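When reading the values below, keep in mind they use all heavy atoms of this one structure, side chains included, and skip hydrogens, waters and symmetry mates. Just so it is clear, the structure is predicted and the values come from calculations on it, not from any experiment.
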Amino acid sequence: MKLMLTLALRELRGGVRDFRIFLSCLIIGVAVISAVTSVSRHIALGIKQESRTLLGGDFELSLINQTASAEQLDFLKTFGQVSLTANMRSMAVYGDEVTLVELKGVDENYPLLGQARMQHGKALQAVLATGALVAEPAFFARVQMKAGEAIQLADAHLTVADAIVHEPDTIASPLSLGPRVMGRIDLLQKQGLMLPAGLTRFHYHILLRDGVSADDFQTALAARFADAPWIVKTVNDNNRGVQDFIGRLQLFMTLAGLSSLLIGGIGIMNAAETYLHKKSESIAVFKTLGAGRNFVFGVYLLVLLFISLPAACVGALAGSMVSGFALPYLAQFLPVFDVHFSLDIMAMVLAVVFGLLTVFTFSIAALGRGVEVRPALLFRGADGARPRLPMGKLAVNMLCGVLLVGTLLLSSSDAMIAGAFIAAAFFSFVIFAIATKFTQMAARRVHFSAPWARMALANLYRPGAHTLSIMLSTGIGLTVLISLLLVEGNFQKEVKETMPALAPSLFLIDIQPQQKDAFLAMLAADASVSDVSSQPMIRGRIAKINGVEVSNTRIAADAKWAVESDRGFTYSATAPANSPLAEGQWWPADYHGKPLVSLDRKLARGMGIGIGDRLTVNVLGRDIEMEIANLRDINYISFQINFALILSPGAIEDIPATYIATARVSDAAHEAALIRAIAKTTPNVSAVRIKDSIDQITAMVSHIAFALRLCALVSLVSGVLVLASALAATLDTRVYDMVVLKVLGARKADIIKMFMCEWLLLAGITALIACVLGVGGAWLILLRLDWVKLQLLPWPMIETVLLALAFVTLTGFVIHTRIFNTRASSVLRNE
Amino acid sequence: MITLDDVCLSLKGPRGQVDILDHICLQVNRGERVSIMGPSGSGKTSMLMCMAGLERVSAGRIIIDGQAVHALSEDAMAVFRRDTIGIVFQNFHLIPTMTALENVAVPMEFARRKDAHVAAKAALDAVGLSHRMDHFPAQLSGGEQQRVALARAFAMRPKILLADEPTGNLDQETGQQIVGLMMAMHREFGTTLLLITHDVSLAAQCDRMITIRDGKLL
């Protein structure tokens with residue numbers, strides 16, 4: 001072992017010049033994984049540390065349109081401090097500007113945890129105590145007003161005294177119906193803003209006193225108020241949605257990092273092969289002098305370890321530092337709050353582990369073959385034959401691969417997506433390997449008279465050709481790019497074309513039953529308004545599935561949204577036109593039998609139920625059991641009226657309902673006028689401008705697109721490095737070949753044409769395969785996200801083919817300028 | 001056939017300028033066999049490189065078959081070399097990733113000859129290697145590699161053959177075989193032969209011997 005170490009260190013005396021690309025690939029891949037892991041761990045840690053503050057206490061009890069009774073309130077107060085907040089929507093008017101706002105009422109105890117921060121430094125309660133409101137900075141920007149001016153909410157005129165820049169119990173969301181405006185609950189009630197039949201959610205935040213455990217509280221609550229209509233939320237419930245989002249984001253970013261590392265692995269493989277090829281003579285000499293094969297293997301394994309470990313550490317540190325810059329930038333777009341950066345050792349260690357496993361997975365085979373060189377080489381020269389990899393080394397190689405895959409699966413938040421990535425990567429490798437073989441076979445069979453064309457084709461299959469490395473390195477990067485471009489392109493198309501085409505101009509909510517007819521008549525009378533539709537809405541909660549409480553039922557993660565809080569239901573005699581039937585039959589228009597329900601098909605799948613199963617919905621304390629009659633496919637992002645549950649007539653018509661409506665308005669000017677008119681005549685009705693929502697989604701999609709392109713760019717950079725390594729590996733051979741060809745009469749133009757033909761052919765074939773694989777990848781991603789269906793967009797694919805041609809040709813020329821500048825005599829001299 | 005008129009070659013070395021060739025004047029007649037001798041580093045190979053256009057002279061003129069090769073562009077020189085000059089090296093300098101047949105065919109392919117491979121087969125036949133056509137250089141012995149190199153050099157029926165110690169890496173018997181082939185081809189095609197050698201007996205087979213020392217012709 002000591003001798004192995006000694007020899008390994010001696011081998012490093014030549015420096016790491018031969019490993020430049022090896023180290024670059026490793027550092028980039030490790031840095032990306034370190035950055036991604038560090039960012040997501042920081043965010044997750046931040047959420048965990050602030051979880052109680054985010055909830056506003058240890059528990060939150062939520063009620064709709066009702067407050068807790070005095071008895072209930074007294075009970076809650078025995079366990080600790082209680083704070084009441086309320087949320088509702090309203091239309092705010094400032095001059096000619098009318099906008100929907102999220103109105104939040106707070107009591108004098110708010111916030112129980114954390115601090116609210118105001119723009120001008122005053123204390124929140126001090127400002128609210130004056131009878132004024134505060135608002136998010138986005139509100140001031142939207143209506144173009146300054147702090148200290150007054151707005152109209154319904155019939156109330158209130159001053160907005162300051163901007164609130166941080167609410168301790170709110171996770172910033174990239175999507176919201178309107179900016180937040182906050183005031184004291186008693187003020188809002190006095191001003192008539194909390195209408196009895198409007199949708200107001202009341203939240204009781206409980207901060208348990210010392211000595212009271214969460215379990216104690218929950219047990220006592222359940223025992224005393226088992227039938228209370230409130231929804232109880234714990235710290236874990238509150239975090240789940242955000243953590244799911246962060247986990248998904250982390251996974252995609254980690255996969256992007258792993259793509260870079262995998263592509264880098266090919267560069268590592270090339271570099272290892274080139275290094276060992278250069279060391280053939282040394283290895284032959286070692287063997288001639290008595291070293292065994294495994295001893296030599298150990299020496300060069302140590303060489304790889306000695307150069308990889310420091311490089312991986314550098315990459316991990318660099319990635320962690322980058323995350324420090326990325327976090328404040330990301331905080332603007334992610335649903336998180338202030339995150340404080342520190343070096344994350346665990347993230348760095350994980351990245352280093354990934355890096356080293358990648359090095360070994362991709363270099364063990366080259367190492368194993370390299371040490372099989374026969375000492376006869378010293379006498380005869382290389383015979384061009386590739387040594388076979390011994391079974392033992394193959395087993396070690398596979399073990400490293402298994403460890404790499406295992407580490408990925410264990411460290412990822414979604415094993416299914418991680419597994420799909422691994423399968424996709426393996427499949428891509430296989431496809432490109434097969435494509436290489438076919439390309440080489442075809443190149444052997446095609447004949448051109450022009451020597452430069454013939455030689456270009458021959459270079460694809462000559463002994464020692466790096467055709468596979470070039471196709472793999474470029475191809476995988478391009479496949480990732482095309483997949484992401486198609487996903488992004490489809491998102492953009494959906495947001496910019498499909499959504500606006502289908503979506504109405506306005507979504508109108510909280511229309512009271514007594515207002516409905518007059519309201520709809522007003523819309524009908526407006527010549528600029530068309531396509532008006534309306535639907536009654538009753539709020540309730542899915543309480544049981546086939547008689548079993550939902551809390552005891554296994555529900556898929558992407559269906560949990562339907563049971564975690566109350567939902568809006570409606571009833572209808574006829575099937576809705578905008579969500580076609582997928583399974584089952586609609587009830588007759590004059591149906592009056594047992595309650596039936598039409599359900600969202602995806603929701604049904606997530607709940608593991610189908611036609612004939614039963615749902616129990618709790619509405620205002622009353623359980624209503626209904627049988628599933630049919631399933632529908634719903635496109636929620638059409639912004640039309642879409643209900644996950646539609647009941648048959650007669651089931652809930654006796655329950656007080658509000659109405660929602662949608663309408664198209666011919667232009668923006670008429671739209672603004674209509675919103676003002678609605679705010680004036682029916683101030684309780686909230687008008688949501690769909691264009692604002694689409695703009696928010698467009699902005700969010702743009703940010704996602706930016707992140708996706710950044711990920712693709714990193715993969716491409718790795719791909720270029722690897723391509724450069726593959727081309728550089730053949731450089732000495734090509735220099736020699738070109739000099740000899742020049743001696744034999746080849747002109748510069750012949751040599752350039754030969755290179756161009758070879759590279760363009762390789763790039764073109766690779767790009768075409770990448771297009772096919774990329775389309776497949778995009779289809780899988782969109783299938784998993786289940787948001788839009790894949791449409792083939794020609795431009796991303798054309799972009800990618802052109803990019804491939806440019807990349808390969810440019811890289812080839814840059815690497816091979818040496819060929820054109822080499823003096824023939826320096827290669828041909830005997831000395 | 002070949003005229004070197006006051007040819008000088010200077011190259012930049014790590015310690016300043018190095019004069020490789022110092023006012024070389026030489027005339028070689030058509031069909032003549034000239035051996036070039038001299039100690040290592042005297043400029044023999046450099047003079048050959050200049051004649052082949054593989055090194056640019058610093059001063060003077062080189063006229064080959066009426067063509068002022070010192071003034072030709074790189075591409076023009078490549079074409080001239082292809083059509084007029086054959087070169088045999090001590091280290092053979094075959095392209096390792098091409099078979100023997102492909103190596104011999106290359107100059108004819110650059111000359112756009114449709115029968116390049118047919119002619120290459122015939123050339124390998126002539127040197128006794130028709131059974132090794134599909135072998136790569138690494139699969140051939142030194143003597144076989146040099147025979148392939150000879151076949152390649154004579155494939156285009158050059159007017160001039162430049163040989164830089166063609167037997168330097170071969171044993172005596174094999175070397176003699178190579179020389180025999182070279183001389184036979186010279187007789188068959190009337191090629192003017194310039195041959196660098198340390199072998200006095202080989203030099204004796206030539207019509208004339210010239211000596212270079214310190215870049216000067218003696």
Among Val106(B), Ile85(B), Asp83(B), who wins on heavy-atom pairs under 4.5 Å with chain A? Val106(B)
Sort Ile87(B) into side chain, backbone, both or neither according to what part of it lies under 4.5 angstrom from a heavy atom of chain A. side chain
Please determine which of Val127(B), Leu140(B), Thr174(B) meets the side chain to side chain contact (heavy atoms under 4.5 Å, CB included) test together with Arg147(B). Val127(B)
Non-hydrogen atoms of chain A under 4.5 Å away: do they reach the side chain of His135(B), the backbone, both or neither? neither
When the 4.5 angstrom heavy-atom criterion is applied to Leu94(B) and chain A, the contacting part is backbone
Side-chain donor or acceptor of Lys44(B) paired with backbone N/O of Ile212(B) under 3.5 Å: no
What part of Val740(A) gets closer than 4.5 Å to chain B, counting heavy atoms only: side chain, backbone, both or neither? side chain
Could you check which of Glu102(B), Met77(B), Lys114(B), Met98(B) has the highest count of heavy-atom pairs closer than 4.5 Å to chain A? Met98(B)
Whatever's closer than 4.5 Å to a heavy atom in chain B on Asp750(A) counts as side chain
Electrostatic pair Arg734(A):Glu758(A) at N-O distance under 4.0 angstrom: yes
So, are Glu109(B) and Arg82(B) salt-bridged, with charged N and O less than 4.0 Å apart? no
Answer with side chain, backbone, both or neither: which region of Met156(B) has an atom nearer than 4.5 Å to a non-hydrogen atom of chain A? neither
Could you tell me whether the side chain of Thr474(A) and the main chain of Met471(A) form a donor-acceptor pair under 3.5 Å? no
State, to 0.1 Å, how close Thr191(B) and Leu161(B) come at their nearest heavy-atom pair, and which atoms those are. CG2-N, 3.4 Å
Would you mind checking which part of Arg56(B) comes under 4.5 Å of any heavy atom in chain A, side chain (CB onward), backbone (N, CA, C, O), both or neither? neither
Would you call Asp214(B) and Lys216(B) a salt bridge, using N to O less than 4.0 angstrom? no
